[in-house]
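Remarks on the structure that follows.
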Amino acid sequence: MSANASFTRDREARVATLLLAGLAFLLVLLIAVPLWSLLSKSVQNSNGQFVGLANFARYISTPALVASLWNSIWVSSLVALIVVPLAFLYAYALTRSRMPGRGLFMAVAMTPLFAPSLLSAISLIYIFGNQGFLKSWLFGASIYGPVGIVLAEAVYCFPHALMIMVTALRLADGRLYEVAEALGTSKSRVFFTVTLPGARYGLISAIFVVFTLVITDFGIPKVIGGQFNVLATDAYKQIVGQQNFEMGAVVGLILLMPAIFAFFVDRQVQKKQVALLSARAVPYEPKPNGKRDFALLAFCLVIGGLLIGMLGMAIWASFIRYWPYNLTFTLNNYNFANFDPQGWGAYLTSLKMAGLTAIFGTTIVFFGAYLVEKTKPAPALRGFVHFLAMLPMAVPGLVLGLGYVFFVNAPWNPLGIFYGTLTVLVANTVAHFYTVAHITAVTQLKQIDAEFESVSASLKVPFWVTFRRVTVPISLPAVLDIAVYLFVNALTTVSAVIFLYGPGTKLASIAIVHMDEMGAVAAAAAMATCIVFTAMAVKLLHLALDRVVFARFQAWRKR
Amino acid sequence: MPNHAAMTSEAPRAPERSFLSIRSLTKSFGPFQALKSIDLEIGEGEFVCFLGPSGCGKTTLLRAIAGLDRQTGGSIMLRGKDVSNAPPSQRDFGIVFQSYALFPNLTVADNVGYGLVNQKKPRDMIIARVSELLALVGLPDQASKYPAQLSGGQQQRVALARALATSPGLLLLDEPLSALDARVRLRLREEIRALQRRLGVTTIMVTHDQEEALSMAERIVVMNHGVIEQVGTPEEVYARPATAFVADFVGRMTFLSGVMEGATLVRVGDQALRVAEAPGFSAGQKVELGLRPEAVRLVEGAGENRLSMRITELEYLGSFVRATLEGEGASPLTLLADLPFNVMQDRAYAPGQAVIAELPASALRIFSART
Ligand SMILES: Nc1ncnc2c1ncn2[C@@H]1O[C@H](COP(=O)(O)OP(=O)(O)OP(=O)(O)O)[C@@H](O)[C@H]1O
Ligand SMILES: [Mg+2]
């Protein structure tokens with residue numbers, strides 16, 4: 001009676017193990033190997049020989065490169081210091097007040113997520129640039145440089161910081177406030193002794209996330225950075241301009257560090273945050289307070305107005321004949337063939353890429369999460385897959401993109417034929433956004449009764465049948481969430497794919513960079529507008545579809 | 001460790017034909033031993049309850065039998081076939097969970113027919129079988145509803161029908177009634193038992209409700225801390241508990257600590273109490289006496305095993321009244337006595353009243369002292 005003999009009788013366990021092994025292989029290929037390629041490239045010379053830390057030594061002894069490092073650090077810190085307090089106050093208004101229109105203000109704050117990061121940079125050029133109508137407000141300073149970068153990054157990072165702060169503030173325990181009030185504590189003391197400490201983990205987390213987002217963002221400094229060099233643009237110049245792959249790898253590794261650091265800080269913080277809220281906590285219900293609510297409303301109007309303004313400026317400018325001299329309406333800027341050889345092709349490629357990413361990404365992510373969460377065999381393999389799935393969270397797009405360049409271009413790699421194809425773009429994008437999608441899937445699967453698989457086994461129904469007949473139908477809303485998340489992000493991403501596109505596969509977001517580079521800022525704005533409208537349309541479609549899905553196919557939810 | 005000496009008087013009845021046979025089964029979660037060498041025989045067609053406090057390993061044992069969580073050591077034989085390492089799909093059982101685990105997006109009929117569809121049975125056969133099963137559990141006209149539209153009791157029946165659909169040889173129920181309110185629970189107890197008799201399917205039910213186990217089971221397996229304390233019929237487990245734990249867990253029992261004085265005499269405080277028999281105990285040994293509250297009688301006049309006591313508290317529990325009695329002297333005893341309601345009314349007992357309580361020798365159970 002050997003355990004092995006009967007194990008081979010267990011077809012389901014075999015299938016699950018096989019599928020897990022396949023998934024592990026795929027994720028190693030999509031995530032681990034590119035990272036490894038980056039690491040190894042950084043310690044090799046151009047002939048592929050191991051040179052230890054020579055590249056790093058060369059980096060440190062090149063003053064121009066070290067200057068970028070310093071630029072990146074202080075710009076990122078400054079943005080974090082500006083954005084996080086603003087996001088905190090905005091989140092406070094959304095969660096701790098009875099201010100009217102809270103849902104609307106939340107939606108407004110999320111708008112930057114539907115645009116490529118560089119859209120706000122384009123808007124700033126229109127407002128404060130050489131032809132900008134508010135140029136005088138800068139007192140002679142130029143928007144092309146750190147000022148522009150900081151402002152544009154602040155807009156880009158705001159929704160990310162806000163989501164963290166809203167989560168942190170929502171976790172408040174109402175009982176603490178009741179006790180404080182019962183003790184006659186003053187409002188400001190409650191704020192400093194209860195509210196702020198309760199949100200401190202969120203604040204820390206938000207600071208690190210914003211820092212990482214800024215330091216690894218490529219689009220904004222490319223568009224508005226002027227002569228001001230940062231790490232991300234250095235990496236681009238080293239790789240695309242000078243073909244100096246080794247130095248590019250060194251820069252990539254440096255960029256990886258804050259991201260990894262932020263990742264671990266965030267994990268610690270999340271553990272503590274959850275522990276803060278005991279099981280018996282009561283959600284906090286804010287009471288109306290006229291003065292407070294009015295002040296917060298004014299604040300939110302200003303911030304929300306700025307965000308909408310940044311979005312609207314680029315959209316408006318895209319319909320204008322010749323800024324700032326001829327403000328008449330035109331669609332000429334949408335005649336992309338005049339500005340870029342690909343014309344509308346780039347937009348269509350983007351749609352195709354985003355669609356494929358959504359389809360393949362959602363399938364792999366959801367089925368993968370199911371295998372990890374709901375099957376029994378090979379616990380070590382399941383743990384490994386989960387680890388790989390969480391890894392991209394710690395890897396900025398730019399770094400992953402660099403890894404892909406080195407991996408796909410490696411002379412030994414038969415996959416080199418995919419360089420510049422849609423396949424590699426889709427693979428890279430799926431890997432880039434894998435973690436959030438995976439977490440969404442796992443969260444959904446955890447809510448499903450763990451005994452479904454046991455019941456199926458007792459009825460001799462294999463797990464894949466239950467996956468198809470029960471798990472997927474129940475999880476349809478979450479599956480849709482994942483698909484939309486992947487689609488929108490695939491549409492707006494710049495930093496990872498800028499190194500990977502080929503002659504026939506230029507994406508819309510890359511076309512924006514190119515058109516801006518050539519001075520066709522209006523066309524760049526027009527292309528960005530196309531992306532924004534598409535992403536928002538998809539989101540609206542998602543909301544509508546969610547309604548339909550709930551109403552038509554989820555009749556069983558009704559009592 | 002529980003005392004097994006008293007168990008010699010009632011060796012577990014070995015079922016005639018062993019259907020399920022468990023040998024030295026162990027299960028560890030890391031360093032924690034959830035099951036410590038379990039041996040158990042279950043006969044064909046039996047209705048067996050696993051009874052024990054929360055966390056004693058009942059579910060763990062049930063899941064090992066099902067193959068849902070593999071045991072760490074030991075073997076499981078089903079109909080004489082070793083299934084210790086067989087996957088659940090090769091073990092021929094149906095299972096009902098505490099949560100029911102009904103598929104929310106499938107209708108009642110689809111839930112019940114879930115296992116049949118996979119057997120590639122013809123459609124009309126499946127439909128016929130499903131309506132037969134729904135009639136069997138008393139839900140003939142609910143086939144097209146979704147689980148969320150059913151009451152808890154109805155959901156429970158659907159889960160039962162689904163488990164029975166493939167005509168399994170073994171039915172496993174993990175606290176099937178614990179999520180229901182008391183009235184529904186009582187009715188379903190009877191229904192499940194009647195159904196089981198009718199189908200003759202060997203059934204194991206997990207419960208931590210002693211009343212449920214006593215009223216439903218043919219045999220009860222009392223578990224504690226991962227070991228079996230006693231296996232026996234409800235009558236055996238109740239009347240002749242093998243260990244102090246069983247005595248305490250199944251029904252109420254008052255315990256009195258004492259020392260053996262003679263062959264059948266036990267000193268408790270400043271009283272000497274006669275017991276019917278005390279096999280394996282010798283003079284000077286510390287023991288514990290157990291007495292069911294309903295065995296205590298209030299009498300007139302002195303005599304053997306009669307103690308002067310005072311009523312300190314009366315608790316009305318429906319058909320009887322539970323009296324707390326306190327003895328006299330330096331280290332007074334405390335006893336519980338259940339008094340039938342009519343006796344109560346005739347005598348008009350009240351707190352503070354002095355009474356004489358008789359502790360019948362035949363009702364005093366003797367256990368070695370718990371350490
Ligand atoms: N997956 C697990 N990992 C670690 N310990 C476990 C696991 N499952 C069960 N245990 C432990 O094993 C012991 C027995 O658990 P089991 O679920 O069998 O108890 P039970 O008798 O069914 O209790 P209940 O009446 O509460 O359902 C418990 O102490 C429990 O904490
Ligand atoms: Mg249990």
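Everything quoted here is computed from the prediction, not taken from an experiment. Order of the sequence lines fixes the chain letters, A, B, ..., with proteins taken first and strands second; residue numbering starts at 1 for each chain.
Within the 4.5 Å cutoff, the side chain of B:Pro87 has no heavy atoms near those of the A:Arg11 side chain.
Enclosure of atom CZ in A:Phe367 by more than 12 non-hydrogen atoms of other residues, nucleotides or ligands within 6.0 angstrom is indicated.
In terms of heavy-atom pairs under 4.5 angstrom with chain B, the leader among A:Pro462, A:Ser456, A:Ala457 is A:Ala457. For chain B, the option among A:Glu453, A:Lys460, A:Glu451 with the highest count of heavy-atom pairs below 4.5 Å is A:Glu451. Contacts with chain A were tallied for B:Ser99, B:Pro88, B:Gly67, B:Pro104; B:Pro104 has the most, counting heavy-atom pairs under 4.5 Å.
When all heavy atoms of B:Ala101 and A:Asp449 are compared, the closest pair comes out as CA-OD2, 3.5 Å. Of all non-hydrogen atoms in A:Leu459 and B:Arg162, the two that sit nearest each other are CD2-O, 3.5 Å. Heavy atoms only, all atoms of each residue included: B:Tyr114 and A:Thr466 are closest at OH-OG1, 2.8 Å. Minimum interatomic distance between A:Pro473 and B:Asn105 (heavy atoms only, all atoms of both residues): CB-ND2, 3.2 Å.
In this structure, no portion of A:Thr471 lies under 4.5 Å from any heavy atom of chain B. No part of B:Leu172 comes within reach of chain A, as not one of its non-hydrogen atoms sits under 4.5 angstrom from that chain. Proximity to chain A is limited to the side chain of B:Leu106, based on heavy atoms less than 4.5 angstrom apart.
Taking CZ from A:Phe463 and OG from B:Ser89, the interatomic distance works out to 11.5 Å, rounded to the nearest 0.5 Å.
The closest donor-acceptor contact from the side chain of B:Asp92 to the backbone of A:Ser458 lies at 3.5 Å or more, if one exists at all.
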